[in-house]
Amino acid sequence: MQEIKFIKTEGTPNGSSSCCGTSGQESAASCCSTTSQVQSFVIGSVTTAAGPVPKIVTTWTSSDTWGMVRSRSGGYRMRYTVEPGLYAVGEPTPDSDVFVTANYKLTFDILRRSLAGMNAWVLALDTKSINVWCAAGKGTFGTEELATRISAARLSEVVAHRKLILPQLGAVGVNAAEIRKRTGFRVAFGPVEARDIPAYVRGNYKKTPEMRTIRFSLLDRMILTPMELNPALQKYPWFALAVLLLFGFQPSGILFRDAFFGGLPFLALGLVAVFAGAFLTPVLLPFVPFRSFALKGLVMGVAALAALEAAAPSFFPAGLMRLAAYLLFPALTSYLALQFTGATTYTGMSGVKKELKLAVPAYFAASGLSVLLVIAHKFQTWRMQ
Amino acid sequence: MKYLANTVSLAYDENRCEGCGRCVEVCPHGVFEMEARRAKVTDRDKCMECGACALNCEFKAITVNAGVGCAAALINSMIIGGEPTCGCGDSGPACC
């Protein structure tokens, strides 16, 4: 709680939308605080001119690995935090480097693992459990928070030098010149990836072009797919319900048999469409034609349907229903593929806006038309009865 | 991997450049490089509009319309209105 005092002397952090620290001392403690957590990576403390600083290990335990898996796949990521503030790695002196990071525990863990064998300081900003890049985009890994955290940690008493090493992607939120003006600390933007830090330090703090370039490898893309699939599958029961109602509806009421057997191909195609859009498109991204994500998704959606039709022609819907399927499901795949723009390392807002202007009306048209076709099909079959 | 051609909002005024090299240091896609003590744009289409260069250019030589590139946020702001934000609570009652 000693930190709060220093926050106050700096003036209240900007009253942005975040709930923490906006209304002064009390609220900061209540909602985002993780003070009750036992931080298993802390193994004692080192003494500094500004008091004891917790000392951390650079190794991972199985619970760190399990935490990574859980936070990669769902909402657990929002609660996966470390306490913001200063930490010590090895036996740092007042001359040791200071590495700034986020308080998302996965980010913090990757950094401390990369610092194995080094003596250094780690300053964790309060990014509300968000990684550096996203937090920087949001402004929580930002100039204000960094300046506040520097004085809260009394960094100028802990170290003799005036240099901070920030992750390069933090530059989206941190204005280096402003930090210099306000705190006297010079900001160096280090490598994009924490794993390059040892080479960066050995190389006299010079970045190679590789160190400053973000990539988007097959593995990077695979790791992101659980968070594409999970939200989509969470909405799947609503789709299933709509399909079953639509197919089960008969002049004599809702018939379970019709609902199930009539709806089954559509239910299966729904899963195929989700899989094609939220898994196959991200994984195969550079190999799918077109730069537009909406078109990439469309290609994958049509391809997935065509493959399924070729494999199981008797199962595939026929007539008007076939047309409805080819309208609805590629649109769904395209929509899900377009969602992935939020997770890539190279798509920008102007491009996504441009895509949406065409894609959103097309999605509405395709889904509306396919529902009309299903209804037309139902009338057709009723008349034949 | 490159996104759509000729859509990026990045604008760079070479006359304002003092050659500090910050933009080269912060750009994750190598859009800038130094040439004769001045920054030069290599390939605009590589820009993802993150805004790091514009924020860190002390001489205001760079402007870019930075913002979240996530479709869900943009669709929401198209339909509901307001500023697009990728809610940090993708799921669950996150506090922020």
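The figures that follow rest on heavy atoms only: side chains count, while hydrogens, waters and symmetry mates do not. A, B, ... follow the sequence lines: proteins, then strands. Residue 1 opens every chain. If you're wondering where the values come from, they're calculated on a predicted model, not measured in any experiment.
With a 4.5 Å cut-off on non-hydrogen atoms, A:Lys353 touches chain B through its backbone and its side chain both. For B:Cys53, no part sits under 4.5 Å from any heavy atom of chain A, backbone or side chain.
With respect to chain A, the highest number of heavy-atom pairs below 4.5 Å among B:Val8, B:Asn56, B:Val26 belongs to B:Asn56. Taking A:Asn230, A:Leu166, A:Val187, A:Leu169 one by one and counting their heavy-atom pairs under 4.5 Å with chain B, the maximum is reached by A:Val187. With respect to chain A, the highest number of heavy-atom pairs below 4.5 Å among B:Ala54, B:Gly51, B:Cys57, B:Cys50 belongs to B:Cys50.
The stretch residues 43-68 of chain B participates, sequence neighbours left out, in no ring pair (Phe, Tyr, Trp, His ring centres under 6.0 Å) pair at all. Within the structure, ring pair (Phe, Tyr, Trp, His ring centres under 6.0 Å) contacts touching residues 14-37 of chain B (residues at least two apart or in different chains) are B:Tyr12-B:Phe32.
The shortest side-chain heavy-atom distance between B:Lys46 and A:Tyr346 does not fall under the 4.5 Å cut-off.
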Side chain to side chain contact (heavy atoms under 4.5 Å, CB included) evaluation trace for A:Arg212 with B:Val24: CA-CA 9 Å; A:Arg212 53 180 161 84; B:Val24 181; 3.7 Å; yes
Step-by-step side chain to side chain contact (heavy atoms under 4.5 Å, CB included) determination, B:Ile75 to A:Tyr363: CA-CA 12 Å; B:Ile75 291 175; A:Tyr363 297 152; 5.9 Å; no
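Across all their heavy atoms, B:Glu49 and A:Ser350 have their closest contact at OE2-OG, 2.5 Å. Between A:Lys354 and B:Leu4, the closest heavy-atom pair is CD-CD1, 4.2 Å. Between B:Tyr3 and A:Glu355, the shortest heavy-atom contact is OH-OE2, 2.5 Å. The minimum heavy-atom distance linking B:Glu25 with A:Lys207 is given by the pair O-NZ, 2.7 Å. When every heavy atom of A:Phe216 is checked against every heavy atom of B:Met1, the shortest pair comes out as O-CE, 3.3 Å.
Proximity to chain B at a heavy-atom threshold of 4.5 Å picks out A:Leu285, A:Pro286, A:Arg291, A:Ser292 from residues 285-292 of chain A, in numerical order. The stretch residues 171-179 of chain A places A:Ala171, A:Val172, A:Gly173, A:Val174, A:Asn175, A:Ala176, A:Ala177 near chain B, each with some heavy atom under 4.5 Å from a heavy atom of that chain.
Atom CG of B:Leu74 is separated from atom CE of A:Met349 by 7.0 Å, given to the nearest 0.5 angstrom.
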